[in-house]
Peer 1: 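Right, I'll just put the structure down here and ask away after.
Because the structure is predicted, anything quoted here is derived from the model rather than measured. Every chain is numbered from 1 and lettered A, B, ... according to where its sequence line falls, protein lines coming before strand lines. Below, all heavy atoms of this structure are taken into account, side chains as well, without hydrogens, waters or symmetry copies.
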There are 2 protein chains.
Amino acid sequence: MTENQPKKPSKSDRTRAQILKAARLLFAEHGYDGASIRDVAAHASIDPAMVIRYFRSKDELFARAAVIDLQLPALRVLDRNAVGETLIRRFLEIWESPASGPGMAILLRSATSNEFAAEKLRDVFGNQVRPVVAAVADPADPADAGRRAGLVSSQLLGLAMCRYLLRLPPVVALSHDEIIQNIGPTLQRYVVGEDVS
Amino acid sequence: MTENQPKKPSKSDRTRAQILKAARLLFAEHGYDGASIRDVAAHASIDPAMVIRYFRSKDELFARAAVIDLQLPALRVLDRNAVGETLIRRFLEIWESPASGPGMAILLRSATSNEFAAEKLRDVFGNQVRPVVAAVADPADPADAGRRAGLVSSQLLGLAMCRYLLRLPPVVALSHDEIIQNIGPTLQRYVVGEDVS
DNA sequence: TCCATTTGTCAACGATCGTTGACTTTCTAG
DNA sequence: CTAGAAAGTCAACGATCGTTGACAAATGGA
């Protein structure tokens with residue numbers, strides 16, 4: 001087995017990173033179809049052919065750009081009465097902290113017309129959102145956990161759509177506190193509220 | 001002034017309607033970019049040139065296909081305690097009754113990558129959702145009505161995204177009753193609940 | 001220094017798209 | 001019946017796109 005390359009900030013790695021950065025920016029802003037490889041190349045000050053060289057195709061470039069780890073906090077059963085607020089606070093970090101990157105915007109922007117993005121988004125739900133919700137929901141009823149996680153996702157994806165993609169004026173105008181105080185209780189009820197059959 | 005044409009199901013009107021029907025179907029399923037004029041023409045068993053002849057361009061065809069009237073019930077102050085249920089029931093009709101057509105799907109599918117669709121969706125919010133919510137909210141505070149309508153839209157658009165476009169399995173699996181019993185109270189609180197500054 | 005590998009440039013390909021104009025067929029009014 | 005308008009067909013245009021291959025420049029280890 002060969003070395004993994006512990007040290008190698010070689011020339012190629014830098015341009016590779018430049019391309020990926022430009023791709024993430026443009027995919028997040030214009031979606032899969034709206035961002036052409038030529039646009040990405042121009043933004044990275046490179047030839048379009050290089051984009052294909054480093055990533056084998058536009059699809060693979062998008063797949064690389066769409067990697068995302070929500071890093072949702074592990075909801076402990078202890079703070080059952082604060083899960084709503086905890087979730088909505090993390091949501092705001094993911095979407096508005098520059099450190100988090102535009103990962104979710106990339107997926108959400110393209111999920112309506114690109115099946116790969118849609119599938120990836122369903123994966124994020126199943127592997128990152130659902131387990132976290134399930135940890136505080138009824139452990140004896142896995143279907144219930146899925147339902148609760150689905151409700152949570154419907155509210156959070158809707159808020160993201162209205163605030164960051166559609167830019168609905170009254171939703172953009174909401175302050176962080178207003179969002180927390182309004183959406184938090186909704187999520188709280190979805191996760192731990194006593195609901196229906 | 002000439003007659004308006006009270007009777008004229010002429011040949012052209014029929015093909016014109018066929019084209020529009022095919023366009024609405026394909027735009028709703030694949031979005032603005034994903035549905036080509038050639039696809040629409042094939043679905044209408046017609047030549048692509050005819051699509052341009054009847055509608056002047058793809059943009060105008062989309063504009064014609066994206067016309068929508070939500071026909072939201074006028075919320076009277078009387079039934080203040082049922083606005084949530086009323087709204088979510090109408091939501092289900094709009095999205096699942098064949099009579100309503102795929103109007104909202106057309107807009108939502110393209111709104112993330114097509115500025116016209118996004119603007120049109122903001123129009124629907126401002127002219128159809130917001131006034132209805134404002135009718136039962138505090139009439140002395142128009143900004144408050146906008147905020148409440150925005151919250152309502154975030155939940156409803158998110159539900160539509162998850163259930164009809166993204167097709168998130170647990171959200172697709174929800175029965176009408178489950179949706180009404182879970183989303184209804186959320187909308188109720190957004191519209192008439194005592195909230196924050 | 002020399003040479004092989006890497007990195008980058010350039011022009012072009014085939015495909016798809018919206019759109020156009022010339023042409024033919026079909027329908028209908030006088 | 002016939003002329004003219006309406007409806008429909010066909011081939012092609014220019015543009016954009018993802019992708020490719022041939023070629024030039026730069027780099028770095030021997």
Peer 1: A quick test of your reading: do over 12 heavy atoms of other residues, nucleotides or ligands sit less than 6.0 Å from CZ of B:Arg64?
Peer 2: no
Peer 1: Which class fits the ring pair A:Tyr164 and A:Trp95: parallel under 30°, tilted 30 to 60°, perpendicular over 60°?
Peer 2: parallel
Peer 1: Mind checking whether A:Phe27 and A:Tyr32 have parallel, tilted or perpendicular rings, split at 30° and 60°?
Peer 2: parallel
Peer 1: Could you measure the distance from the OG1 atom of A:Thr86 to the CD atom of A:Gln188? Nearest 0.5 Å is fine.
Peer 2: 8.5 Å
Peer 1: What protein N or O atoms touch nucleotides 6-8 of chain C N or O atoms at under 3.5 angstrom, if any, and at what distances?
Peer 2:
| residue | atom | partner | partner atom | Å |
| --- | --- | --- | --- | --- |
| C:dT7 | OP1 | A:Ser12 | N | 3.4 |
| C:dT7 | OP1 | A:Ser12 | OG | 3.2 |
| C:dG8 | OP2 | A:Tyr54 | OH | 2.9 |
| C:dG8 | N7 | A:Arg53 | NH2 | 2.6 |
| C:dG8 | O6 | A:Arg53 | NH2 | 2.8 |

Peer 1: Go through it in stages, so that I can follow the logic: the residues are A:His176 and A:Glu96, the test is side chain to side chain donor-acceptor pair (under 3.5 Å), and I'd like the CA-CA distance, side-chain angles, deciding distance and then a yes or no.
Peer 2: CA-CA 10 Å; A:His176 282 204; A:Glu96 301 193 5; 2.5 Å; yes
Peer 1: Would you call A:Arg122 and A:Glu115 a salt bridge, taking side-chain N to carboxylate O under 4.0 Å as the test?
Peer 2: yes
Peer 1: Kindly give the atom pairs (protein nitrogen or oxygen, nucleotide nitrogen or oxygen) under 3.5 Å for nucleotides 17-19 of chain C.
Peer 2:
| residue | atom | partner | partner atom | Å |
| --- | --- | --- | --- | --- |
| C:dG18 | OP1 | B:Ile37 | N | 3.4 |
| C:dG18 | OP1 | B:Lys58 | NZ | 2.7 |
| C:dG18 | OP2 | B:Ile37 | N | 2.9 |
| C:dG18 | N7 | B:Arg38 | NH1 | 2.7 |
| C:dG18 | O6 | B:Arg38 | NH2 | 3.1 |
| C:dT19 | OP2 | B:Lys58 | N | 2.7 |

Peer 1: When clusters are formed by joining ILVMFWY residues with side-chain heavy atoms under 4.5 Å apart, either directly or through shared neighbours, do B:Leu166 and A:Ile106 land in the same one?
Peer 2: no
